[in-house]
Amino acid sequence: MTQNQSVLEWMEKMKELVCPDRVIWIDGTQEQLESLRAEACKTGEMIKLNEEKLPGCYLHRTAVNDVARVEGRTFICSRSEEDAGPTNHWMEPSKAYEMLYGIAKNSYRGRTMYVIPYSMGPVGSPFAKIGIELTDSIYVVLNMSIMTRVGNEVVKTLGNSSDWVRGLHCKCEIDEEKRYICHFPEDNTIISVNSGYGGNVLLGKKCFALRIASFLGKNEGWMAEHMLILGIQNPLGEIKYVAAAFPSACGKTNLAMLIPPEFYRQKGYKIWTVGDDIAWMRIGPDGRLWAINPENGFFGVAPGTNVKSNPNALATTKSGTIFTNVVHNLDDNTVWWEGLDHNPPKNAVDWKGRPWDGTSSKEKGAHPNSRFTAPAKNCPCISPEFENGRGVPISAIIFGGRRARTTPLVYQSRDWNNGVFVGSIMASETTAAATGAVGVVRRDPMAMLPFCGYHMGDYFKHWIDMGERLGDKAPKIFNVNWFRLDDEGHFIWPGFGDNLRVLEWILQRCEGKADAVDTPIGFVPKADDINLSGLDLTVDTLKTILNVDSADWAKEADGIEEFYQKFGDKLPKELKAELKKLKEKLA
Ligand code: GTP
Ligand code: SPV
Ligand code: MN
């Protein structure tokens with residue numbers, strides 16, 4: 001397959017370690033993928049779904065103990081502990097290698113080693129980076145071949161370069177106690193053992209495109225962020241792009257594919273999806289910030305996805321898609337999940353593989369973090385710029401979280417550094433995307449808490465530095481919160497497609513066209529400036545979610561101060577100054 005010495009040497013070493021029965025290079029051809037799908041169906045690893053209703057679609061169930069990212073078992077193994085920082089788990093690299101090699105040893109006995117050469121970003125684009133993942137899981141091969149660009153073209157593009165990310169994945173026994181997701185930023189290496197779930201094993205995604213890439217970005221002067229990218233086309237046909245960072249399961253896929261409300265559609269608004277989870281951003285020749293989506297598919301949350309909430313995502317999953325941990329409807333060999341429709345199947349199998357009657361069962365049929373892996377090219381609103389290796393210019397950066405109270409629907413930061421402050425203080429209720437308690441408010445700076453591959457204080461500084469380089473060409477920075485609750489616990493803002501109403505105000509602000517109210521935390525819209533046409537929401541209700549409560553924010557400021565203490569001297573002085581300014585404004 002290749003004469004690349006760095007690849008051959010590493011593979012030899014890994015082969016000696018894990019002892020596969022055979023080695024298969026993934027060439028990216030449909031024939032090879034088809035034979036792997038057939039093999040996975042024969043062993044029961046995957047179930048082929050109804051070819052008429054869901055052509056080329058499959059169902060997979062992971063082990064019951066292996067359904068989400070495991071943040072407590074995710075490590076940054078930099079040489080110095082200080083470089084991993086206070087928000088990451090750290091292990092000394094030589095100790096980590098020794099432990100991981102001990103677990104991985106001989107674990108491919110009786111199994112096949114699949115070698116997946118993959119490109120994050122369009123193959124050969126100046127933005128793109130290459131990885132090679134070794135895995136003993138066909139499920140991983142098939143997911144990676146949807147989520148990334150894989151095969152011969154990638155090997156050819158790599159040539160003799162040693163600039164590529166090494167990835168070893170071993171299913172082992174899917175033993176929770178020996179599950180480790182380890183990153184060696186200084187060695188461009190990722191090792192994942194004892195898991196078969198998404199973000200733990202699709203090494204191009206969070207491991208490479210965020211944890212390793214954020215480290216590369218700091219050193220090379222660019223940014224790897226947990227952000228969707230979307231284009232908003234106005235009635236004049238002009239398209240403006242925004243990037244938005246929300247924590248896991250907080251609405252990136254939904255926002256990236258939103259369908260404009262009727263009122264906006266009639267005026268001629270249209271949304272174009274560039275990415276739904278990860279953005280790599282560089283300063284372009286024109287001095288602006290340009291973004292690409294390094295992925296080639298969507299690994300989206302299934303529950304809650306339906307014709308109303310996200311018709312584009314649903315359409316994207318109608319062919320060539322792998323479903324993980326959803327309900328299997330045995331009547332017509334299709335899939336179902338909570339929130340798909342009001343007709344749960346009676347004759348079905350739940351995500352644990354047990355018989356399930358959706359009409360009477362009190363238990364959920366699909367896991368809350370069940371997912372679809374769907375090709376980007378299926379998406380009805382995929383941007384014509386999706387394959388463009390130069391990326392798209394970003395007008396606004398939007399941070400957001402899931403907050404029942406305190407954070408208003410939207411506000412704008414005063415300038416770049418204040419915007420970095422707004423990102424750094426993000427807090428959100430935890431979701432099922434990672435193991436652990438759900439619904440607990442935690443600080444999640446820039447939605448990168450589980451994904452920053454180095455010291456978070458240095459990461460903040462990198463943001464400040466990027467702003468300095470961007471100068472007056474820097475995107476404007478905003479914060480949104482779709483999740484404010486009323487006293488009965490209902491969402492006040494309708495969300496989903498109606499979020500375009502907020503995006504419209506954001507773009508108007510970028511062009512200096514909309515007014516705002518100056519509050520202690522930044523600029524909030526005047527209630528009249530959010531277009532409510534065709535919406536069953538009164539201006540008075542809107543005012544309740546635009547409100548900035550000084551007492552709540554004074555408490556918030558104390559929480560920020562406590563959080564900031566973690567970073568010691570690594571907290572940039574600019575952010576310290578922003579906190580001081582906030583406190584003064586609240587006093
Ligand atoms: P990851 O793939 O984990 O990074 O998640 P994500 O950020 O892409 O989240 P996604 O769009 O899949 O949404 C997760 C959950 O939030 C789903 O259950 C959605 O139904 C819900 N959600 C998304 N957007 C909105 C919104 O505007 N309002 C409300 N109330 N819920 C939303
Ligand atoms: C997330 O948790 O942010 C995801 C899913 O996008 S995973 O790939 O598992 O990280
Ligand atoms: Mn994500």
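Residues take their numbers from the sequence shown, with the count starting at 1. Counting starts at 1 for both ligands and their atoms, following the listed order.
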Angle, NZ of Lys206 through the Mn ion (ligand 3) to OD1 of Asp277 - 10° precision: 110°
Check ion pair Arg405-Asp549 (N to O, under 4.0 angstrom): no
For atom 2 (O) of ligand 1, closest protein heavy-atom neighbour: Arg371 NH1, 2.7 Å
Lys252 near ligand 2 by a heavy-atom separation under 4.0 Å: no
Nearest neighbour in protein (non-hydrogen) for atom 1 (C) of ligand 2: Lys206 NZ, 2.8 Å
Nearest-neighbour protein heavy atom for atom 11 (O) of ligand 1, which is reported as residue plus atom name and distance: Asn254 ND2, 2.8 Å
Nearest-contact summary for atom 4 (O) of ligand 1 - protein heavy atom, Å: Lys252 NZ, 2.8 Å
Sub-4.0 Å atoms of ligand 1 with respect to non-hydrogen atoms of Ala249: 1 (P), 3 (O), 4 (O), 5 (O), 6 (P), 7 (O), 9 (O), 14 (C), 15 (C), 16 (O)
Under 4.0 Å to a heavy atom of Asn499 - the qualifying atoms of ligand 1, by number: 27 (O)
Proximity to ligand 2 by part of Asp277, non-hydrogen separation under 4.0 Å: side chain
Contact partition for Ser248 relative to ligand 1, non-hydrogen atoms under 4.0 Å: both
Side chain, backbone, both or neither: the part of Leu228 lying under 4.0 Å from ligand 1 by heavy atom: neither
Residue and atom name of the nearest protein heavy atom (relative to atom 9 (O) of ligand 1), distance in Å to one decimal: Gly251 N, 2.9 Å
Lys308, NZ: over 12 other non-hydrogen atoms inside 6.0 angstrom: no
Heavy-atom nearest neighbour in the protein, as seen from atom 32 (C) of ligand 1, with distance rounded to 0.1 Å: Phe496 CZ, 3.3 Å
N-O pairing of Arg265 and Glu262 below 4.0 Å: yes
Per-residue contact class, Trp493 against ligand 1 - non-hydrogen pairs under 4.0 Å: neither
Residue part near ligand 1, for Arg402, under 4.0 Å between non-hydrogen atoms: side chain
Metal proximity, Gly199 vs the Mn ion (ligand 3), N/O/S cut-off 2.8 Å: no
Identity and separation of the nearest protein heavy atom to atom 9 (O) of ligand 2: Gly199 N, 3.0 Å
Identity and distance of the protein heavy atom lying nearest atom 18 (O) of ligand 1: Pro303 O, 3.5 Å
